[in-house]
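Data first, discussion second: the structure below is written as structure tokens.
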Amino acid sequence: MTRVSLSRLPGERVLAVDGGSERDMAMADLAAYVEAREADAGETRWAWDDTARWYPPLLAAGVRVERCHDLRLGHHLLRRAPAVDQQLLEGEQSEHWDRLGPSAPSAPTLFSIDDTAEHLRADLEDARQLAAVAASPEAPRLGLLLAAESSGALVAAEMTHAGVPWRVDVHERLLRDLLGPRPPRGARPQRLEALVAEVREAFEAPGLNPDSRPELLAALRRAGLEVADTRASSLRVLDHPGIEPLLRYKQLAHLFSTNGWVWIDQWVSDGRFRPSYQPAGSTTGRWSSNGGGALSFPAQVRPAAVADEGWVFVVADVAQLEPRVLAGMSGDRALAQAARGADLYQGMVDAGAVASRMDAKLGLLGAMYGATSGESGRMVAGLTRRYPLAFGLVEEAARAGERGQIVRTLLGRGSPSLGDAWDRDPDDPPGDPDAQARYRRAYGRFTRNFVVQGTGAEWALCWIADLRNRLWRLGSSGPLDARPHLVFFLHDEVVVHTPVRLASAVTAAVTEAAATAGGLLFRDLAIDFPLNISTVRSYADAGKPGAPESAGDGGPRA
DNA sequence: GAAAAAGGCGCC
DNA sequence: AGGGCGCCTTTTTC
């Protein structure tokens with residue numbers, strides 16, 4: 001494996017450092033240089049400051065990169081990793097790496113807005129990170145985590161580049177059916193306007209703006225309805241003729257503002273929905289999204305995600321990812337046994353641990369989220385005796401958090417400190433013992449969930465990293481644009497866009513990648529990660545039993 | 001008048 | 001007194 005670090009130099013130039021040799025080239029020659037090295041051996045690992053800055057222009061030039069080391073992600077991760085000697089990360093320019101945030105998705109990628117990032121020496125930081133990992137007692141796990149994180153960054157850039165196939169005509173028909181024709185800028189669609197009229201009439205409140213909470217609350221109270229807030233769940237239980245149109249209004253208004261015509265204009269181009277992903281954007285290591293709303297891909301508009309002609313989606317999600325991860329990381333063989341099979345909760349019932357599936361779910365979710373009362377809290381107590389290792393692990397993580405200690409994921413990602421979380425709530429001074437105790441308990445719930453959610457994110461990273469490699473090999477005989485590729489990923493779910501003839505091979509690849517991820521994380525303790533997999537023409541049809549590729553997309557096709 | 005906060009909803 | 005996010009609108013704050 002050859003490591004080549006790439007640094008940006010002033011004046012549109014790039015410095016490539018390969019072992020002892022340095023090469024200074026024009027930015028315009030970069031794609032050809034990278035392509036040549038990739039074609040040559042495929043044994044190069046590129047080390048660069050930020051995949052989101054380097055990779056999109058390479059992809060645009062038709063260059064695919066096999067593997068990389070994302071120094072920004074690596075630095076951020078190692079800085080918070082308890083098993084890393086922090087002194088090894090310090091040195092020339094290290095404070096710049098400390099300050100490096102994610103690059104803006106819309107920023108021009110070839111021209112930096114951040115001057116300091118322009119002069120960062122990637123080779124210096126790369127050497128520090130390698131030394132820091134090598135010196136750690138957890139070097140193998142940290143190495144795996146950095147590799148997975150960097151692969152994830154490649155996946156993110158590739159998914160934005162490829163985009164989710166999007167039928168604007170299907171989406172617009174859906175909007176028209178529900179809302180009416182597209183209204184002029186600033187106006188409500190016909191159907192919404194009609195519902196507003198209904199609501200105003202029912203509450204005898206002419207001029208009421210249902211989007212205004214104070215106005216709406218006042219109108220509800222005038223009608224004799226005692227309600228503390230205007231949430232749909234609070235309104236649903238009320239008995240008044242105005243409630244039904246109001247709920248309908250809220251639902252459609254949300255569709256209109258969040259995934260309406262404006263959203264199409266902004267996020268769909270050339271028949272592709274291109275959200276922006278931010279790997280490790282959440283402190284637990286989960287991805288976040290800073291454009292397009294990839295984290296809430298509403299079911300309402302999924303019918304518009306339709307595979308190209310002759311192509312299909314293979315959609316896969318993991319059943320009960322986090323409980324399975326908890327079984328693996330705690331080494332709880334009883335819970336691992338319950339996880340053998342498609343339904344972990346049913347496995348717990350079959351083992352006689354709980355009376356019903358619902359109890360099993362309540363207990364496990366309560367343990368992972370920190371429920372203290374109610375049905376969920378009671379189930380936790382009973383299940384702790386049955387699964388002491390698994391429940392003990394999250395309990396210990398919560399105690400550590402309450403003591404103000406850092407916790408870590410299986411591969412070594414550290415949680416943010418209690419102090420770092422303070423600044424979210426600056427008017428909550430440490431002086432008030434009551435407030436402080438509340439805050440510590442809240443932090444304990446966070447650390448409790450952190451270890452499971454974070455390790456779940458690590459499993460998912462390993463999954464998509466391995467899947468990416470498998471998909472590439474699957475399509476190696478065909479031309480670039482005929483290869484199966486990932487188009488969407490969200491925590492425990494993937495969508496692969498593939499030519500029909502490769503769909504069954506993709507299904508196998510997704511399954512094998514899940515097994516690989518489990519093996520990487522949990523080694524000897526075998527944990528099952530069963531997938532729900534559908535092959536569909538439209539994303540909306542995924543997960544429906546007995547909805548094969550023949551299921552329609554609603555579109556007019558021959 | 002712009003920025004920040006808050007309420008609400010969507011996803012896992 | 002259940003974790004993590006983003007985004008939209010209105011309201012509040014500076």
Side-chain angles (χ1 to χ4, degrees), chain A residues 105 186 188 209-217 228-235 246-247 249-260 262-263 266-267 275-302 317-323 326 361-377 379-380 394 397-398 401-402 407 409 415-416 421 424-427 434-435 437-457 460 488-494 539 543:
Chain A
R188 283 195 183 98
N209 174 11
D211 291 329
S212 165
R213 283 173 296 279
E215 284 185 38
L216 188 53
L217 273 178
D229 54 66
T230 63
R231 276 177 237 166
S233 57
S234 306
L235 301 180
L246 177 57
L247 289 172
Y249 171 83
K250 284 168 88 74
Q251 189 198 6
L252 291 178
H254 189 263
L255 170 67
F256 171 60
S257 64
T258 307
N259 293 100
V262 174
W263 181 89
Q266 189 169 5
W267 297 108
S276 164
Y277 300 92
Q278 200 176 305
S282 154
T283 56
T284 59
R286 274 189 176 181
W287 291 15
S288 64
S289 161
N290 51 2
L295 269 70
S296 55
F297 198 141
Q300 256 185 320
V301 299
R302 290 186 189 189
D317 71 277
V318 192
Q320 306 115 15
L321 172 61
E322 287 174 2
L326 176 58
K361 188 172 180 175
L362 274 174
L364 262 178
L365 293 181
M368 292 188 298
Y369 289 149
T372 55
S373 60
E375 190 83 10
S376 189
M379 295 311 306
V380 172
V394 284
E402 288 171 9
V407 296
T409 61
S415 64
R424 287 183 196 166
D425 209 355
D427 62 320
D434 241 29
R438 269 200 309 278
Y439 191 81
R440 282 180 174 274
R441 281 195 298 275
Y443 184 68
R445 283 193 301 275
F446 166 67
T447 54
R448 170 195 292 272
N449 187 255
F450 179 93
V451 294
V452 181
Q453 187 184 120
T455 306
F488 189 68
F489 163 63
L490 181 60
H491 308 324
D492 64 356
E493 177 173 12
V494 294
Y539 190 15

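Within every chain, numbering begins at 1; the chains are lettered A, B, ... in the order of the sequence lines, protein sequences first and strands thereafter. Quick caveat: nothing in here was measured; it's all calculated off a predicted structure.
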**Message:** What does the B/S/- profile of nucleotides 9-14 of chain C look like, 5' to 3', with a 4.0 Å heavy-atom cutoff to protein?
**Reply:** SBS---
**Prompt:** If you look at every strand shown and take non-hydrogen atoms under 4.0 Å, does A:A294 touch a base, only sugar-phosphate, or nothing?
**Reply:** nothing
**Request:** Would you please confirm or rule out a distance under 4.0 Å between OP1 or OP2 of C:dG3 and any side-chain N or O of A:R445?
**Result:** yes
**Item:** Integer-rounded Å distance: B:dC12 C1' and A:N449 CG
**Value:** 11 Å
**Message:** Angle between the two end axes of the helix from B:dG1-C:dC14 to B:dC12-C:dG3, five base pairs per end, rounded to 10 degrees?
**Reply:** 10°
**Request:** Remember a base hit wins even if backbone is also touched, and classify A:A253 as base, sugar-phosphate or nothing at under 4.0 Å, heavy atoms.
**Result:** nothing
**Item:** Any A:T230 side-chain N or O less than 4.0 Å from OP1/OP2 of B:dG8
**Value:** yes
**Request:** Tell me what A:S376 touches on the nucleic acid: a base, only sugar-phosphate, or nothing, going by heavy atoms under 4.0 Å.
**Result:** nothing
**Prompt:** Please give, in whole Å, the distance from C:dC5 C1' to A:L295 CG?
**Reply:** 5 Å
**Pairs touching residues 275-286 of chain A that satisfy salt bridge (charged side-chain N to carboxylate O under 4.0 Å, His left out), sequence neighbours left out** = A:R286-A:E322
**Fill in**
With sequence neighbours left out, the residues meeting side-chain hydrogen bond (donor to acceptor under 3.5 Å, both in side chains) with A:D211 are A:Y249
**Message:** Does A:R231 contact B:dC9 through a side-chain donor or acceptor facing the base, at a distance under 3.5 Å?
**Reply:** no
**Message:** Counting only side-chain nitrogens and oxygens, does A:S289 get under 4.0 Å of the OP1 or OP2 atom of C:dG6?
**Reply:** no
**Fill in**
Taken in chain and number order and not counting sequence neighbours, the residues that satisfy side-chain hydrogen bond (donor to acceptor under 3.5 Å, both in side chains) with A:D492 are none
**Message:** The criterion is salt bridge (charged side-chain N to carboxylate O under 4.0 Å, His left out); which residues satisfy it with A:R440, sequence neighbours excluded?
**Reply:** none
**Request:** Give A:G281 one of three labels, base, sugar-phosphate or nothing, depending on what nucleic acid heavy atoms sit under 4.0 Å from its own.
**Result:** nothing
**Prompt:** Is the distance from OP1 or OP2 of C:dG6 to the nearest side-chain N or O of A:S282 less than 4.0 Å?
**Reply:** no
**Request:** Looking at every strand, decide which applies to A:D317 at a 4.0 Å heavy-atom threshold: base, sugar-phosphate, or nothing.
**Result:** nothing
**Asked** So, do A:Y277 and A:F489 have ring centers that fall under 6.0 Å from each other?
**Response** no
**Request:** Go through the side-chain N and O atoms of A:N290 and A:Q278 and say whether any donor and acceptor fall under 3.5 Å apart.
**Result:** yes
**Item:** Heavy-atom pair of closest approach, residues A:V380 and A:G363
**Value:** CG2-O, 3.5 Å
